[in-house]
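Ligands are counted one by one from 1 in listed order, and the atoms in each one are counted from 1 as well.
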Amino acid sequence: MIIAIDGTAASGKGTLAKRVAERYGLAHLDTGLLYRAVGCLGGRSDVSLSDEDALADLAEDLDLDGFDEEELRSDGAGANASIVAAHPKVRAALMDYQRRFARQPGGAVLDGRDIGTVICPDADVKLWVDAAVEERARRRHAELSARGESSSYEIVLKQMRARDARDAARADAPMVKAADAHLIDTTSMTIEAAVERACEIIDRTVAR
Ligand code: CDP
């Protein structure tokens, strides 16, 4: 079984994907980490974030092992990820890895922006996770504060809107809900409630 979980930044899709994978005993890939890692590698080797060919070469040989999770999860890495993710050659270089992961025996859960539309258009179940942008900014701001990364709520909200716009406007694999994806709006849901809702949808879809 392949489960595709896409959605906006800080919508809760990552935590949801992890919990769903645990519940069904499936492998899980957070595909945002791949784009984050390419952005970090670019920074380390002084490659400009607009140098598509050089970034695609880095993506081609990507190995997530050498990365510090904290570095990858930082806000700056997220913003850089969204810039490198707009390059078609970078997306193409990361495609095989994601498809191979999805097709492993037993199946997998992948979360990202284009899993249900581009990477696994034939996924057994597709979920689209979203929440109001103000609520997503509130969550991201709380997360950053807890990590000691200081930023005001207003700045986080502005950055969140900019990231949404960039992800939705890019020509290649824009962030968009697949027509056959089930919407989960987590604005006023706890993570537990969102997991229960996701499992109901998965069980119902697979039983058909
Ligand atoms: O956790 P958060 O939603 O903030 O970010 P993420 O899922 O780690 O993704 C970071 C950035 O990578 C996004 O803003 C997208 O531009 C890009 N991305 C993508 O283009 N396609 C994916 N499948 C996953 C992430």
Side-chain angles (χ1 to χ4, degrees), residues 2-18 28-43 49-50 52 55-56 58-59 62 64 67 69-102 108-121 123 126-131 133 135-144 147 149 151 156-178 181 184 186 191 194:
I2 297 177
I3 302 178
I5 305 186
D6 291 302
T8 49
S11 59
K13 66 182 183 325
T15 311
L16 183 65
K18 195 166 159 233
H28 168 225
L29 178 65
D30 172 352
T31 63
L33 286 181
L34 304 174
Y35 296 91
R36 285 169 179 263
V38 173
C40 286
L41 280 181
L49 294 185
S50 59
E52 177 165 7
L55 291 166
L58 293 174
L62 187 66
L64 278 185
F67 287 91
E69 174 113 11
E70 211 173 304
E71 180 190 3
L72 283 186
R73 299 257 177 221
S74 75
D75 219 31
N80 287 347
S82 147
I83 295 170
V84 305
H87 296 309
K89 288 181 185 169
V90 171
R91 304 200 71 83
L94 296 175
M95 190 179 273
D96 273 358
Y97 178 87
Q98 297 175 78
R99 288 193 170 153
R100 255 183 285 119
F101 189 95
V109 178
L110 284 83
D111 77 88
R113 299 288 188 289
D114 64 339
I115 308 303
T117 49
V118 176
I119 303 295
C120 304
K126 299 180 189 178
L127 303 176
W128 176 260
V129 190
D130 199 2
V133 69
E135 171 61 15
R136 292 188 284 118
R138 192 196 61 73
R139 292 175 192 168
R140 185 52 51 93
H141 180 245
E143 224 173 85
L144 292 175
R147 285 208 302 249
E149 285 187 52
S151 195
V156 174
L157 178 61
K158 205 170 145 206
Q159 288 169 342
M160 189 70 78
R161 288 201 163 111
R163 180 118 80 92
D164 283 354
R166 193 162 46 223
D167 286 350
R170 68 177 173 230
D172 188 28
M175 173 176 76
V176 64
K177 176 182 171 301
I184 300 181
T186 67
I191 183 67

Shortest protein heavy-atom distance from [atom], along with the residue and atom involved:
| atom | result |
| --- | --- |
| atom 2 (P) of ligand 1 | Arg36 NH2, 3.7 Å |
| atom 24 (C) of ligand 1 | Thr31 OG1, 3.4 Å |
| atom 3 (O) of ligand 1 | Lys13 NZ, 2.8 Å |
| atom 16 (O) of ligand 1 | Asp167 OD1, 2.6 Å |
| atom 7 (O) of ligand 1 | Arg113 NH1, 3.1 Å |

Is Gly14 in contact with ligand 1, taking contact as a heavy-atom separation below 4.0 Å? no

Please determine if Asp111 has a nitrogen or oxygen closer than 3.5 Å to a nitrogen or oxygen of ligand 1. no

Which atoms from ligand 1 have a heavy atom of [X] less than 4.0 Å away?
| X | result |
| --- | --- |
| Arg163 | 4 (O), 5 (O), 10 (C), 11 (C), 13 (C), 14 (O) |
| Ala10 | 3 (O) |
| Ala81 | 10 (C), 11 (C), 12 (O) |
| Arg140 | 1 (O), 2 (P), 4 (O) |
| Arg170 | 16 (O), 19 (C), 20 (O) |
| Ala85 | 16 (O), 17 (C), 20 (O) |

Test item: [X] and [Y] side chains (from C-beta on) under 4.5 Å apart, heavy atoms:
| X | Y | value |
| --- | --- | --- |
| Tyr97 | Leu29 | yes |
| Val118 | Met95 | yes |
| Ile83 | Arg166 | yes |
| Arg163 | Arg136 | no |
| Lys126 | Thr117 | no |
| Met175 | Trp128 | yes |

Just heavy atoms, cut-off under 4.0 Å: does Arg91 contact ligand 1 by side chain, backbone, both, or neither? side chain

Which bit of Arg166 gets closer than 4.0 Å to ligand 1, counting heavy atoms only: side chain, backbone, both or neither? neither

So that I can tick it off, tell me whether Asp30 and Arg73 are bridged by a salt bridge, with the cut-off set at under 4.0 angstrom between side-chain N and carboxylate O. yes

Determine whether Glu135 and Arg139 satisfy the following criterion, salt bridge (charged side-chain N to carboxylate O under 4.0 Å, His left out), listing intermediate values before the conclusion. CA-CA 6 Å; Glu135 171 61 15; Arg139 292 175 192 168; 3.0 Å; yes

Short question: side chain of Arg99, backbone of Ile119 - any donor-acceptor pair under 3.5 Å? yes

Does Lys177 NZ have over 12 foreign heavy atoms under 6.0 Å away? yes

